[in-house]
Structure formats: C-alpha cells, structure tokens
Amino acid sequence: MKRLTLAVLYTAALSLANPLLADVDAARAAADGDMRKLVFHDTPQPAGDVDFMTFDEAPLNLSDWQGKWVVLNFWATWCAPCRKEMPQLAQLQRDLGSETFEVVTVATSRNPPPKMKAFFDEIGVDNLPLHRDPKSLLARQMGVLGLPVTVILNPEGQEVARLTGDADWSSDAARAVLRALMGDAQGM
C-alpha cells in the first residue's frame with residue numbers, strides 16, 4: 001500500500017510539474033534573434049528579497065509584484081546599451097502591460113534622480129518606473145554583474161530566465177517567448 005501511495009504521489013507531482021516544463025521548453029523553442037541570449041532555468045530560482053526604492057525613496061520589494069509576470073530590467077544612466085534597450089522595454093509595457101504582466105525597471109548603483117529623469121526624457125520613455133537601487137543591494141543579491149540585465153519573474157516571484165546585455169524586447173521573438181511562458185494568462 002505504501003508503494004502504491006508513493007507511486008500515485010510521484011505521478012501526481014510529475015503531472016503538475018510538466019506544464020511548467022512545457023512552458024519553459026516552448027519558450028526556449030520560441031527564442032529567436034536577441035532572445036537566443038536568454039538563459040532559462042530548468043526550475044524557477046529565488047529572486048532577490050532586499051528592498052529597493054521608488055524615485056521618491058518609498059520602499060519597494062519584488063514581492064510587491066507577486067501575482068504578475070514581470071520583466072525586471074537593471075540599468076544605469078551611464079549604460080549605453082540601456083539607452084538603446086529602454087524604449088523597447090517601454091513598447092513592451094505599452095503592448096502587454098496589464099493585471100498579469102508588467103515591465104519593472106531598476107536603476108542600480110549611483111544614478112542621481114535628476115539624471116535618471118533626464119535619461120528617460122531624452123529617449124522618450126514616459127511609461128516605465130524610475131525605481132532605484134542606489135547601493136546595488138538588490139542587484140548584488142541577484143548576481144547582476146554588468147548592465148543591462150533583464151530577468152523574467154513568474155507570478156510566484158521566482159526567476160525563470162535571464163538575459164545579460166541589451167535585447168529588442170519589443171520584437172516578435174520577445175513576445176513569442178513571453179507568450180510561451182505565460183500561456184493564456186495574458187490572453188495574447
């Protein structure tokens with residue numbers, strides 16, 4: 001009887017795990033162009049849990065976005081690839097932003113708020129947050145070693161994929177990857 005129970009539990013665990021694996025496998029298969037740089041985790045990884053802040057210094061935590069798929073981008077005002085990538089992230093937010101999906105941007109390290117605002121103004125981005133991680137606590141905890149770094153978080157707040165360097169996040173390939181990960185949660 002004990003073996004039968006274990007067999008049933010094992011089978012149930014496999015059937016529950018397979019949809020997630022299928023989503024990651026489908027996302028890997030959809031990764032084309034810049035999205036080929038995405039590194040998918042076989043199992044979701046913990047994300048950072050240290051606080052960062054809004055532009056106005058109110059505390060934030062990644063747990064504030066649980067329940068949503070998140071494209072989390074670490075950037076800086078001095079980062080040339082960030083200047084190219086940020087408008088594409090803004091377009092992704094315009095196209096897919098909803099109750100189930102959000103692009104979250106975090107300026108890490110020393111980025112004076114006036115320079116952050118000027119950076120967004122110069123590149124025409126007006127729909128993404130100017131969140132700050134001035135001591136790089138979140139970035140360090142999440143192993144961000146260069147910029148830009150973009151992390152995809154599932155609704156449980158876990159990291160499912162990571163891309164180091166810039167990418168065209170407004171591309172069809174990016175949408176295909178996100179569609180595969182999110183399934184019908186977005187109705188895309």
Side-chain angles (χ1 to χ4, degrees), residues 27 31 33-41 44-66 68-98 101-154 157-171 173-175 177-178 181:
D34 288 345
M35 293 299 113
R36 286 183 291 200
K37 296 187 286 185
L38 262 171
V39 176
F40 294 92
H41 305 301
Q45 303 296 307
D49 61 3
V50 298
D51 287 346
F52 54 107
M53 66 179 74
T54 66
F55 186 77
D56 298 320
E57 300 186 11
L60 289 171
N61 192 285
L62 290 178
S63 63
D64 296 336
W65 285 272
Q66 281 196 334
K68 287 186 175 194
W69 283 92
V70 172
V71 170
L72 172 65
N73 178 264
F74 290 93
W75 67 283
T77 57
W78 46 263
C79 169
C82 299
R83 182 172 292 275
K84 175 183 166 194
E85 179 180 59
M86 198 62 68
Q88 297 159 349
L89 287 161
Q91 186 62 48
L92 182 65
Q93 176 63 27
R94 271 191 289 283
D95 293 345
L96 301 183
S98 69
F101 176 84
E102 189 167 345
V103 175
V104 176
T105 58
V106 179
T108 190
S109 189
R110 296 181 193 167
N111 293 282
K115 285 191 178 188
M116 290 172 59
K117 176 113 176 61
F119 181 94
F120 272 32
D121 289 345
E122 288 168 13
I123 59 175
V125 171
D126 60 5
N127 66 328
L128 294 178
L130 286 166
H131 299 323
R132 302 171 52 218
D133 182 23
K135 294 182 181 177
S136 299
L137 298 176
L138 179 63
R140 278 198 307 264
Q141 187 182 46
M142 292 188 66
V144 173
L145 301 176
L147 295 175
V149 168
T150 306
V151 176
I152 300 175
L153 303 176
N154 66 17
Q158 302 163 314
E159 180 176 328
V160 296
R162 174 181 294 235
L163 191 147
T164 300
D166 63 308
D168 184 354
W169 286 97
S170 63
S171 69
R175 280 184 185 69
V177 165
L178 292 168
L181 288 173

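Heavy-atom basis, side chains included; hydrogens, waters and symmetry copies ignored.
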Peer 1: When you compare the side chains of Thr54 and Asp56, does any donor N or O come within less than 3.5 Å of an acceptor on the partner?
Peer 2: no
Peer 1: Kindly write out the residues that satisfy salt bridge (Lys or Arg N to Asp or Glu O under 4.0 Å) with Lys117, not counting sequence neighbours, or none if the list is empty.
Peer 2: Asp121
Peer 1: For Arg110, I'd like to know if atom CZ has over 12 heavy atoms of other residues, nucleotides or ligands within 6.0 Å.
Peer 2: no
Peer 1: I'd like to check Trp69 versus Val160 (side-chain heavy atoms, cut-off strictly below 4.5 Å). Are they in contact?
Peer 2: yes
Peer 1: Can you list the residues that meet the side-chain hydrogen bond (donor to acceptor under 3.5 Å, both in side chains) rule with Gln158, with sequence neighbours excluded?
Peer 2: Asn154
Peer 1: Using a 4.5 Å cut-off on heavy atoms from C-beta on, say whether the side chain of Trp75 contacts that of Thr77.
Peer 2: yes
Peer 1: Looking at side-chain heavy atoms only, is the closest gap between Val106 and Phe74 below 4.5 Å?
Peer 2: yes
Peer 1: Sequence neighbours excluded, which residues qualify as side-chain contact (heavy atoms from CB on, under 4.5 Å) partners of Arg140?
Peer 2: Ser136, Leu137
Peer 1: What's the separation between atom CE in Met35 and atom CG in Asp168, rounded to the nearest 0.5 Å?
Peer 2: 7.0 Å
Peer 1: Which pair of non-hydrogen atoms, one from Ala27 and one from Phe40, has the smallest distance, and what is that distance?
Peer 2: CB-CE2, 3.6 Å
Peer 1: Taking the side chain as every heavy atom from C-beta outward, state whether Met142 and Leu72 have any atom pair closer than 4.5 Å.
Peer 2: yes
Peer 1: With distance as the sole test, does Gln141 use its side chain to make a donor-acceptor pair with the main-chain N or O of Val50 at under 3.5 Å?
Peer 2: yes
Peer 1: Got Val71 and Leu178 here, is their nearest side-chain heavy-atom distance under 4.5 Å?
Peer 2: yes
Peer 1: Could you check whether any side-chain N or O of Asn73 sits under 3.5 Å from a backbone N or O of Thr105, counting only pairs where one atom can act as donor and the other as acceptor?
Peer 2: no
